[in-house]
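Here's the structure we're looking at; comments come further down.
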2 protein chains.
Amino acid sequence: MPERKVIPLDQIKVACKNCSLATLCLPIGLTPEDVDRLDQIVKRGRPMHRGDQLFATGDPLHNLFVVKTGSVKTYCPSTDGGEQVLGFHLPGELIGLEAIQDGFHHCAAKVLETSAICEIPFDRLEELGTRIPSLQHQLLRLLSKEIGHDSGMLLLLGKKSAEERLAAFLLSLSTRYRQRGLSPTDFFLSMSRHEIGNYLGLAVETVSRLFTRFQEEGLLEVSRKHVQLRDLDGLHELLGEHEPYLRQAGIAMRS
Amino acid sequence: MPERKVIPLDQIKVACKNCSLATLCLPIGLTPEDVDRLDQIVKRGRPMHRGDQLFATGDPLHNLFVVKTGSVKTYCPSTDGGEQVLGFHLPGELIGLEAIQDGFHHCAAKVLETSAICEIPFDRLEELGTRIPSLQHQLLRLLSKEIGHDSGMLLLLGKKSAEERLAAFLLSLSTRYRQRGLSPTDFFLSMSRHEIGNYLGLAVETVSRLFTRFQEEGLLEVSRKHVQLRDLDGLHELLGEHEPYLRQAGIAMRS
DNA sequence: CGGGTTGATTGATATGGATCAACCATGGGC
DNA sequence: GCCCATGGTTGATCCATATCAATCAACCCG
């Protein structure tokens with residue numbers, strides 16, 4: 001059983017050019033000089049704790065955020081006090097893109113566990129983009145990826161059963177952990193059952209029952225937040241055997 | 001009862017600078033000179049008919065598409081022959097943005113009725129964007145808007161009842177028709193009940209029953225494809241009284 | 001015009017997952 | 001180390017919506 005990660009302080013302030021996330025984040029495809037220029041506008045590694053808010057609905061867009069360590073959820077609060085969880089974000093993922101359309105955030109973002117977050121002033125990023133075409137291109141790609149991901153979620157919520165949704169969710173986490181050099185089969189969930197259910201359009205109780213059922217079927221072992229996937233192929237088969245779109249959209253393999 | 005629109009031929013080939021959609025489409029915020037430059041790369045007004053495909057899943061990204069007249073649906077085909085409808089696109093809306101992430105289309109697009117479609121070679125658009133910052137900005141905004149719209153759909157599919165979904169759908173059409181100078185209360189649906197149900201994650205029969213129920217309640221009158229909304233406020237109330245996110249995300253008011 | 005195909009409506013029944021209700025485990029605070 | 005708060009699990013019941021089945025209306029084509 002892996003220890004829960006303790007964030008080494010000396011990794012928090014690392015520059016983009018030395019950051020292990022460079023291949024997942026904005027710097028992809030940039031020359032070292034361009035990464036240096038990006039580095040100068042990035043505000044790095046503010047450490048935050050469970051429940052801290054990155055931004056709220058209606059806030060003006062100042063910064064985009066990148067998870068450096070830890071995890072973040074985005075959600076849209078509803079008038080009745082409820083909310084819809086829109087996504088869970090792992091290291092290297094860019095948050096706040098929905099605000100570009102009109103300069104205001106349309107959802108909120110909260111830190112799920114102790115996390116380090118980079119902030120990028122959007123106006124400076126955009127201005128830098130006009131001078132570095134490959135940065136602009138990368139930004140467009142990241143927005144587009146988000147659209148593809150959302151489309152996969154629409155398919156999931158529109159057409160898939162509870163069991164398919166949970167399987168897709170777990171496989172998505174698995175793939176994203178693998179990409180980050182972490183175990184794709186053994187990890188801790190930083191979000192509650194309630195948040196998982198909310199994200200997947202299911203009741204908490206359904207999520208809980210599915211976890212126990214998956215365990216009985218030998219697909220995984222679960223103990224509170226600790227999950228060990230025992231049969232990745234079996235989980236994949238639950239998704240209607242190679243649903244091509246979910247793969248491409250990155251639900252099962254957020255690429 | 002309005003006549004079904006017949007497309008006047010002389011409007012098909014109109015340049016961006018004279019196009020009635022300029023305020024909804026890419027040219028927003030561009031100087032007249034920049035619109036001229038954009039004009040030079042746009043391939044205009046290819047007329048297409050119901051069922052014609054703009055692109056299929058897996059096609060390489062060559063062009064982005066803009067609906068000039070008519071309407072288009074995007075959807076992702078599923079292995080089992082089924083599909084998930086991702087969106088219905090009215091004049092001025094840009095299609096194909098999900099393909100920017102890796103240069104391949106992850107969904108397919110089909111024309112719903114006789115339509116005129118503009119095509120924009122993406123590589124030339126992007127290259128033009130590096131020289132016209134306001135064009136680049138507008139492109140980012142359009143991508144971001146798509147993300148916001150998708151988030152609204154996730155809320156709709158994740159949390160809302162069948163009746164709320166259909167009301168939101170109708171109000172979204174209403175608002176978008178209004179923005180285009182058409183009647184927000186009297187229009188033809190270019191998509192079938194089956195496609196509406198698919199889009200909203202509902203069975204055809206449920207959609208049909210809801211239409212009749214809404215009619216009985218005096219919210220609208222419907223006869224096949226022809227819809228007349230009689231009580232916009234009543235429909236809005238169905239959406240849990242001013243759900244702020246749905247409004248901002250543009251489900252009920254795609255802005 | 002008439003037969004056949006497709007899409008829409010309506011009714012009867014089935015069911016997946018929500019909801020309601022206990023109960024249990026964990027962990028944090030005093 | 002105990003107590004309470006919170007989150008998770010499990011069971012019983014209910015309901016919204018799917019599914020199955022039949023009929024109906026429109027439209028196309030010969």
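The sequence lines fix the lettering, A, B, ..., with proteins before strands; numbering per chain opens at 1. Worth saying up front: this structure is predicted, and the values here are computed from it rather than measured.
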ask   = Under 4.0 Å between a side-chain N or O of B:T206 and OP1 or OP2 of D:dA16?
value = no
message = When you compare the side chain of B:Q228 with that of B:H226, does any pair of heavy atoms fall below 4.5 Å?
response = yes
task = Grab the CZ-P distance between B:R224 and C:dG7 for me, whole Å please.
result = 10 Å
task = Quickly work out the B:L189 CG to D:dA26 P distance and round it to whole Å.
result = 16 Å
query = If only side-chain N and O atoms of A:K225 are considered, is one of them under 4.0 Å from the OP1 or OP2 phosphate oxygen of D:dG8?
reply = yes
key: For A:E113, salt bridge (charged side-chain N to carboxylate O under 4.0 Å, His left out) partners two or more places apart   = none
query = Tell me: CD of A:E164 to P of C:dG16, nearest whole Å?
reply = 12 Å
Partner residues of A:T212 under the side-chain hydrogen bond (donor to acceptor under 3.5 Å, both in side chains) criterion, sequence neighbours left out = none
request  = Could you state the atom-to-atom distance from CE of A:M191 to P of D:dG7 in whole Å?
outcome  = 15 Å
key: Rounded interatomic separation in angstrom, taking CZ from B:R50 and C1' from D:dC28   = 15 Å
task = Take atom NZ of A:K159 and atom P of D:dT17, then tell me their distance rounded to the nearest Å.
result = 15 Å
Check the interface with nucleotides 20-24 of chain C: list each N/O to N/O pair with the protein under 3.5 Å, or write none.
from, atom 1, to, atom 2, distance (Å)
C:dC20, N4, A:E205, OE2, 2.9

ask   = For the pair made of NZ in B:K160 and P in C:dG17, what is the distance, rounded to whole Å?
value = 21 Å
ask   = Can a donor-acceptor pair be found between the side chains of B:Q53 and B:K110 at a distance below 3.5 Å?
value = no
task = Establish, yes or no, whether a centroid distance under 6.0 Å links the rings of B:Y75 and B:Y199.
result = no
ask   = Whole Å only: how far is the CD atom of B:Q215 from the C1' atom of C:dT10?
value = 14 Å
ask   = When all nucleic acid strands are considered with a 4.0 Å heavy-atom cut-off, which category describes A:G197: base, sugar-phosphate, or nothing?
value = nothing
